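Just so it is clear, the model here is predicted, and its values are computed rather than measured. Here, residue 1 is the first one in the sequence, and each next residue gets the next number.
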Amino acid sequence: MKKTLLYSLAVLASVTLASCNGDYDDWANPQANEQEASAAKYGITFAAGPDAESSMPDVDGIINLVTVNSTDANVTGYTLKSLKVNGEAINGEIDGNNIQVNAAELEKILCNQNNSRASVARDMKVESKVSVNLASGDAVAINSVGETTGKLTPTATPQLDEKGYYMLGQVNGNEWDATAPVWMNKISDGVYQLKVTTTADKNWFKFYAGSKWDEGGDWKIIDTGALGCKENGCEDGSGYIYYDGDSWGKLQTMVIPGAGTWIVTLDMNNLTYTVGKPVLYMAGDANGWATNDYLAGEDGVHFTGFMFLNQNGFKFCTQPEWKGTNYGANFDTAGDAANITMTEAAGYYKVDVDLETKSYVLTPITTIGIIGSASPNGWDSDVDMTYVPYNAETKELGYWEIKDVTFTSGEIKFRANDDWAINWGGDTNALTQGGDNISVDAGTYDIKLYAWANGYAKCVMTKK
């Protein structure tokens, strides 16, 4: 019985080994189908295509961006695996040896990357990855990416109108009255701005070139100078300008979403517009380049805020995340404008910006303290707070802090430099300059003060 079992196991083992050996032979000698190879093996080269330096609009709508070649006679063609322009993926196709892209898609990618539709040559770094098709019918992936360069000049934008620009629509009571245009104010070359009031939930408007205005209100004349947006009813608060003859498409009508006071900015240098509350943002090295330090104003030209600055550069912006008009060195609004750098020492400052004169003034804030009937020193002197700078690891914004301060029931305010020239009060979630005294109950508190712009500053009071 045992011998029979042993013989059976031996036969089974030999069958199994034979089966394994057969599988191994098949695996060791597969059909020729290489999966990856270096570009050098097949003499693959990538070069700038015949249209790598082009101007829009392109005649046939196709840009031959990259040319692929091989010195190996067995290579019969190529298949595109991936394509990127300045790190951003773009659709492409191979026609013969050329990698082609849609001209309009490429133009939009470059304009979005530069936040500008200005007709200025835009540099391109192109990364191409292909597989090669061999005469045998096999496809071999190339495990290296070909890098080429190029330049594309976007569609020519309208010349700046010597008579300026105006708005028509549901702004400042205009109600599309073509005989009473709402003229915008020129704040710098090519940049126009207007403080507008709205009363409806949706307020429709367009921009118009001043030289096309007709005193008699003839819309056939006026509409030849119309400037609109991509989609009818755009409410995103920022975007690109479209105009008649624009290769990007037919212009549509913008919307200001809600009643209130707004600042509308038209930047004809970059062919962009923004709609927002009278606010500027500061982004720089001192706050991790996040657009979250506020400057507020009433007229869209003069802004004031409080923030920490250093000599490593910053910019002012009309919209968060760089989506609006951005002001760099000398208040240049170009997408590649240099950063503003100050000569003053790093520290906390009151920052006053004047967009009309393209200037800013820094007032040092050496101390911020608490004063009032509830404070330990009463109304006689401040209890100083300590500044905690922006935390690059946690992304927590900078603030002024005091811990374990004991109050009696009464009132307090915050003020700077042991003086009343700069002081915060009122609603703790929306502190204002010269605001009302803040009522507090007796107790021991930890306090954080975010001393931002008027109406945006706030304090967090934690009672222990």
Could you tell me if [Y] and [X] have a donor-acceptor pair between their side chains, going purely by distance under 3.5 Å?
X: N417; Y: T366; result: yes
X: N69; Y: N97; result: yes
X: K315; Y: N326; result: no
X: D177; Y: T179; result: yes

Can you list the steps and then say if W379 with I371 is a side chain to side chain contact (heavy atoms under 4.5 Å, CB included)? CA-CA 6 Å; W379 291 104; I371 194 170; 4.2 Å; yes

Check D244 with K212, please: is the shortest side-chain N to carboxylate O separation under 4.0 Å?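 Not counted as a salt bridge, because no side-chain N and carboxylate O are separated by less than 4.0 Å.
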
Taking D352 first and then K350, would you say they form a salt bridge - that is, a charged N and a carboxylate O separated by under 4.0 Å? yes

Within a 6.0 Å radius of atom [atom1] on [X], are there more than 12 heavy atoms belonging to other residues, nucleotides or ligands?
X: D419; atom1: CG; result: yes
X: K464; atom1: NZ; result: yes
X: E93; atom1: CD; result: no
X: K250; atom1: NZ; result: no
X: K125; atom1: NZ; result: no
X: N330; atom1: CG; result: no

To the nearest 0.5 Å, what is the distance between [atom1] ([X]) and [atom2] ([Y])?
X: L160; Y: T157; atom1: CG; atom2: OG1; value: 7.5 Å
X: K81; Y: S128; atom1: NZ; atom2: OG; value: 14.0 Å
X: D267; Y: I187; atom1: CG; atom2: CD1; value: 8.5 Å
X: M167; Y: W176; atom1: CE; atom2: CH2; value: 9.0 Å
X: T432; Y: N423; atom1: OG1; atom2: CG; value: 8.5 Å
X: L152; Y: S55; atom1: CG; atom2: OG; value: 7.5 Å

Start with the C-alpha gap between L309 and M342, add the side-chain angles, then the distance that decides, and say whether side chain to side chain contact (heavy atoms under 4.5 Å, CB included) holds. CA-CA 9 Å; L309 298 173; M342 65 180 197; 3.7 Å; yes

Taking the six-membered ring where the residue is Trp, are the ring centres of Y281 and Y294 under 6.0 Å apart? yes

Ring-ring centroid check Y390 F308, cutoff 6.0 Å: no

Taking [X] for its side chain and [Y] for its backbone only, find out whether a donor-acceptor pair lies under 3.5 Å.
X: T198; Y: V171; result: no
X: D382; Y: D384; result: no
X: T318; Y: T325; result: yes
X: N270; Y: T333; result: yes
X: N98; Y: G49; result: no
X: D354; Y: E356; result: yes
X: D51; Y: N64; result: yes
X: Q113; Y: V85; result: yes
X: R117; Y: I241; result: yes
X: N287; Y: L397; result: no

Atom of [X], atom of [Y] and distance for their closest heavy-atom approach:
X: E231; Y: Q252; value: C-CB, 3.5 Å
X: G434; Y: K413; value: C-NZ, 3.7 Å
X: D441; Y: F407; value: O-CB, 4.2 Å
X: C459; Y: L431; value: N-CD1, 3.9 Å
X: W183; Y: G164; value: CZ3-C, 4.4 Å
X: S116; Y: Y240; value: N-OH, 3.9 Å

Give the ring-plane orientation class for [X] versus [Y], where under 30° counts as parallel, over 60° as perpendicular and anything between as tilted.
X: W322; Y: W289; answer: tilted
X: Y450; Y: W452; answer: tilted
X: F316; Y: F331; answer: parallel

Taking the side chain as everything from C-beta on, heavy atoms only, tell me whether [X] gets closer than 4.5 Å to [Y].
X: T149; Y: D123; answer: no
X: L106; Y: M124; answer: yes
X: V351; Y: L295; answer: yes
X: N292; Y: Y456; answer: no
X: W262; Y: N203; answer: no
X: W213; Y: K163; answer: no
X: V191; Y: T265; answer: yes
X: D336; Y: N114; answer: no

Verdict with supporting geometry, R122 and N86, side chain to side chain contact (heavy atoms under 4.5 Å, CB included): CA-CA 11 Å; R122 305 297 184 186; N86 296 336; over 6 Å; no

Could you list all the ring pair (Phe, Tyr, Trp, His ring centres under 6.0 Å) pairs where at least one residue sits in residues 412-438, not counting sequence neighbours? F306-W424

I222 and L168: side chain to side chain contact (heavy atoms under 4.5 Å, CB included), yes or no, with the steps? CA-CA 10 Å; I222 291 171; L168 294 177; 4.2 Å; yes

May I have the step-by-step check of side chain to side chain donor-acceptor pair (under 3.5 Å) for E321 and T291, ending in yes or no? CA-CA 6 Å; E321 299 178 3; T291 48; over 6 Å; no

Can a cation-pi geometry be assigned to K108 and W248, taking NZ or CZ under 6.0 Å from the six-membered ring centre and within 45° of the ring axis?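 Output yes; distance and angle both within limits.
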
In this structure, which one of Y273, Y165, Y243 forms a side-chain contact (heavy atoms from CB on, under 4.5 Å) with F207?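 By the side-chain contact (heavy atoms from CB on, under 4.5 Å) criterion, F207 pairs with just one of Y273, Y165, Y243: Y273.
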
